[in-house]
Structure formats: C-alpha cells, structure tokens
Amino acid sequence: PGRSSDFGKTPAAAPRPGDRDSSALDALELCGAACEAAKSEGIVLAPPQTPPRPSQTIRHQRHLLAEAEHRFALHGSVWDAALFIGSPQLTRSDSMVVATLLVVNIAVMVVFLGIVYYVFAQATFTPDLVRRLEQWRTNFGHNIKYYDDNTLTSLTERVCAPDRYQVEMSGQTSNLYKQIQEYIGHNSIFNGPSLVTVSLLLWSLTVATDIHQIWDLSRALRSLPKADATLLCLADGDGPALRWASIGRSRTCWLLCVILFRATSSFSLWVLGSRFLCVYTISVAEILLNALSLEIILTIDEALFILAPWRVKTLIERLEPLPSPARCCRAGTRDLRPYVLLALVVGFVLTGSLVANDVRQTILEANSTLCSGVQDFVYSTDA
C-alpha cells in the first residue's frame, strides 16, 4: 500500500565494477586532449591550489606592512637646510646665510632655555609664601587700622569675599586669592590641576612629534650609501628632481652633530617646558598662554627658513624623499620607536601630574592660612 506506482516494474541491475559511464569517458578524453594541446603550445598548467586560510593571509599582510619601505621628505626648516651647508650645489654666500640662520636659531633656543631654567622653572607657591601670608593676616588682616566702618568688616573678610566687598588695599593679596579659587575650582575634575595635565599631554605630544621626525631623519641618512664624497644627481622622472645618491664621511660627521644638537634641544625643551607648566603660575589663563608659547619655540626654525636663499629652498623642494629602511630589521622583530615615545609621553605626564599635585597641596595650605577660621574680628595695640 502506498507504493502502487512501483508495482510491476523490473528492478534495475546493480552496476558492475568493470562498467564505465560513457559521459565520464568522454569528459576524460576531452580533458586529455586539452592538456596535450596546451603542452604543445608551451603552456604549463599549474595544479589547483587550495586557497590560504584567513589567519595565513593576515600574517602575510602584517609582514608586508612591517617590511614595506618608507620614505622621509625634508621640509622647510633651518635644521634641514643646515644639512647642505658647504654643498657644491650652493654658493658660498648661500652657505653663509644658512649658517647664520642656524646660529640665530641655536642662540634663541639657548636663551629661551636659560630664561626658563633660571626664572620660569622656579616654583611660585612655596612654604615661604605660606609664611608670608600668615604674617599678612596677623599684621594687616585683623588690624583695627584697616577696619571698615561702613561695612563693619575686617580686611581679611573683604579680601576673602571679593564678590561682596570692594578692597581698597592689599590688591595683590586679593588677586592671589582669586587665582587660588580659580585653580582649586568647585569641581574635582574641571580645575587647575586637570588643565595642567591636559597641557602637559599636548606639550609632550608636540615634542614627541619633533623627536619622531629627528628619528626618521637619522634612519634615512644612515641608509644612504657611504662614499668618499657626497653626491646629488638628477633623478629619473618628470621635472628637474634631485636624488641623494651617496654621502661622504665629513658630511656624515656634520649631519650627526646637527641631529644630536637638535635632539638635545628638543629634549631639554621637553623637560624645562613641563616644569614651566607645572610650577610657574596658577592662573588658568596664563597656563593656556604658556602652553601656546612653548609650541611657538619649536617652530622658530620654520619661521627663520623664510630668510633662507631661494637656491636652498629650491634644493629642499626638488630633493626626492630619502629611502628609509623597513621598520623591522627581520621578520618577527617589532619597531620599538612607538613604544619608546609612548613611554616617554606617559612618564612626563605622570611626573608632571605628581609635581602639580604637590603644588596643589601648597595652594590648599595657602588658602587655609589666608581665609580659614574666624574672620570677623580686629585687634589694636596700646601705644
């Protein structure tokens, strides 16, 4: 039942091992003929390959990205122009102008570093300032000579409430109290120490960018072929482009001196500039201006490059980017430069935050000395 359609049919005979399907034989014959024709024409048929697994493809892509050749292009700055002082492509007057600009750039950097070290790197809020504020409150803040008969307040009350009273004297102390309140703030996050930390981060990233360029330049110059003389030749392609073919020994020593002095000045600016942001002032507006002024110092070399001779500008503009070796020397080796720069940035920011926290503790002590306790009393002394 249910299989009436199959009733009465003769069962098919089971296929024997020796039988071959005619269609399969025809396909094999056609395939063989095609292979013979390809061989006669010199065409080599490669066996089918299995597609690579996704993990193998990703590893191959990572290897290609790591071993790719990078190029470093010089930009318009006195530091880069100083690399060609004494080059045959420049006249003697061109080299003298570039050397003068280099000396001016170095002099400005040294003067700024000296001013920051001897003036701006000194802490404003010290225990001595707290002691002087205590003396002010004892000698002036509660003295009956400075009692206001109209508002019935002591000088301490008027200084500690600048929004309610007009202070006719001790303006410096009153401004100091306003700066303390702005720096401390009424929020645990949006206050002066947080602004100092953000400024340190931006300043550290700015200097790290400059150090990154110095590192790239040193790698590119190190990869140039060494010879008895420095050679610049015309490059293949459209336009009168120049290619740095080789570098001489004396030029190598000069480039090493320029790169070392540039790296030393950048690192010194990093250290002194970070301390300048942490300890010199507590004014929120001045902290922002100080961060901008530090960044301007790093661009002095680009500003001075405007005075460079036209032949020097053309040389740097037409020079092809220098080939730089791969980031990894061999397969499996990591490029440690990003990790080193990251460690330096994090270290400077954390160190600066600790210094800013010490300054904040001194500021809190000064605020307590100036306006804590009872304020509405005065005293007098007998003659």
Side-chain angles (χ1 to χ4, degrees), residues 114-200 272 274-293 352-383:
I115 293 175
V116 171
Y117 180 77
Y118 288 106
V119 180
F120 295 146
Q122 306 300 324
T124 304
F125 278 82
T126 59
D128 181 66
L129 176 62
V130 177
R131 181 182 56 82
R132 286 188 281 114
L133 290 176
E134 185 178 359
Q135 292 177 355
W136 174 90
R137 185 167 181 179
T138 302
N139 298 331
F140 302 98
H142 295 282
N143 197 314
I144 196 172
K145 294 180 182 180
Y146 311 107
Y147 182 77
D148 190 359
D149 295 330
N150 296 325
T151 59
L152 304 178
T153 56
S154 64
L155 181 57
T156 301
E157 288 183 274
R158 298 194 299 276
V159 168
C160 296
D163 298 334
R164 296 172 54 189
Y165 304 108
Q166 184 69 27
V167 182
E168 71 282 357
M169 59 179 305
S170 296
Q172 184 177 1
T173 305
S174 179
N175 292 333
L176 180 62
Y177 176 76
K178 292 179 182 179
Q179 292 181 2
I180 289 176
Q181 298 305 309
E182 291 178 357
Y183 188 83
I184 296 175
H186 303 286
N187 192 288
S188 59
I189 298 178
F190 305 105
N191 50 25
S194 299
L195 178 61
V196 170
T197 302
V198 173
S199 300
L200 282 174
L272 295 178
S274 300
R275 182 167 178 81
F276 173 45
L277 292 174
C278 292
V279 303
Y280 179 67
T281 182
I282 64 170
S283 175
V284 175
E286 290 184 6
I287 292 174
L288 293 175
L289 293 177
N290 293 341
L292 293 176
S293 64
S353 300
L354 293 177
V355 174
N357 184 62
D358 294 339
V359 174
R360 183 175 181 273
Q361 297 299 325
T362 306
I363 292 174
L364 291 176
E365 186 178 355
N367 182 64
S368 176
T369 302
L370 188 61
C371 293
S372 64
V374 181
Q375 301 176 2
D376 55 347
F377 75 92
V378 293
Y379 72 91
S380 63
T381 58
D382 296 336

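In what follows, every heavy atom counts, from backbone to side chain, and hydrogens, waters and symmetry copies are set aside. These figures come from a predicted structure and were not determined experimentally. When a residue number appears, it is its place in the shown sequence, counting from 1.
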- Decide if atom OH of Tyr147 counts as having more than 12 heavy atoms of other residues, nucleotides or ligands within a radius under 6.0 Å. yes
- Atom pair CD (Gln166) and CG (Asn150), whose distance is rounded to the nearest 0.5 Å: 13.0 Å
- Query: When the ring planes of His142 and Phe377 are compared, do they come out parallel, tilted or perpendicular, using 30° and 60° as the limits?
  - Reply: parallel
- Begin from the C-alpha positions of Gln375 and Thr153 and carry the test side-chain contact (heavy atoms from CB on, under 4.5 Å) through to its verdict. CA-CA 9 Å; Gln375 301 176 2; Thr153 56; over 6 Å; no
- Query: Would you say the side chain of Cys278 lies within less than 4.5 Å of the side chain of Leu200, judging by non-hydrogen atoms?
  - Reply: yes
- Message: Restricting to non-hydrogen atoms, name the atom on Ser154 and the atom on Gly141 that form the minimum distance, rounded to 0.1 Å.
- Response: CB-O, 3.7 Å
- Specify the closest pair of heavy atoms between Asn139 and Tyr379, including all atoms of both residues, with the distance to one decimal. CA-OH, 3.8 Å
- Query: Hey, does Leu133 have a side-chain heavy atom less than 4.5 Å from the side chain of Tyr177?
  - Reply: no
- Task: Side-chain contact test, heavy atoms from C-beta onward, threshold under 4.5 Å: evaluate it for Val167 versus Thr173 and give yes or no.
- Result: no
- Below 4.5 Å, heavy atoms only, C-beta onward: do Arg132 and Leu129 meet side chain to side chain? yes
- Message: So Asn143 and Leu155, do their side chains get closer than 4.5 Å, heavy atoms only?
- Response: no
- Message: Side chains of Leu176 and Phe125, heavy atoms from C-beta outward: is any pair under 4.5 Å?
- Response: yes
- Message: Using a 6.0 Å cut-off, check whether atom CD of Gln361 has over 12 heavy atoms from anything other than its own residue.
- Response: yes
- At what distance, to the nearest 0.5 angstrom, does OH of Tyr146 lie from OG1 of Thr156? 12.0 Å
- Of all heavy-atom pairs linking Ser380 and Ile144, the shortest is CB-CG2, 3.6 Å
- Within a radius of less than 6.0 Å around CD of Glu134, do more than 12 heavy atoms belonging to other residues, nucleotides or ligands occur? no
- Heavy-atom pair of closest approach, residues Asn191 and Tyr183: CB-O, 3.6 Å
- Query: Can any side-chain N or O of Arg158 pair as donor or acceptor with the backbone N or O of Tyr165 at less than 3.5 Å?
  - Reply: no
- Message: Could you measure the distance from the CD atom of Gln135 to the CZ atom of Phe140? Nearest 0.5 Å is fine.
- Response: 9.5 Å
- Message: Please check: side-chain N/O of Thr362 versus main-chain N/O of Thr126, any donor-acceptor pairing under 3.5 Å?
- Response: no
- Message: Cys160 vs Arg137, test: side-chain contact (heavy atoms from CB on, under 4.5 Å). Steps then yes/no.
- Response: CA-CA 11 Å; Cys160 296; Arg137 185 167 181 179; over 6 Å; no
- Rounded to the nearest 0.5 Å, how far apart are CG of Leu272 and CD1 of Ile115? 12.0 Å
- Query: So which heavy atom on Asp376 is nearest to which on Glu157, and how close?
  - Reply: CA-OE1, 3.3 Å
- Message: Are the side chains of Ile287 and Thr281 in contact, using a 4.5 Å heavy-atom criterion?
- Response: yes
- Message: Under the criterion side-chain contact (heavy atoms from CB on, under 4.5 Å), I'd like the reasoning laid out for Asp358 against Val279: C-alpha separation, chi angles, the key distance, then a yes or no.
- Response: CA-CA 9 Å; Asp358 294 339; Val279 303; over 6 Å; no
- Note on the structure: Rounded to the nearest 0.5 Å, the CG atom of Leu195 sits from the CG atom of Leu277 at a distance of 9.0 Å
- Closest approach of Pro162 to Lys178 (non-hydrogen atoms, all atoms of both residues): CB-CE, 3.5 Å
- Message: Is it the case that the side chains of Ser293 and Asn290 hold a donor-acceptor pair, with the cut-off being a distance below 3.5 Å and no angle test?
- Response: no
- Message: I'd like to check Ile184 versus Ile363 (side-chain heavy atoms, cut-off strictly below 4.5 Å). Are they in contact?
- Response: yes
- Nearest-0.5 Å distance, OH of residue Tyr280 to CZ of residue Phe120: 5.0 Å
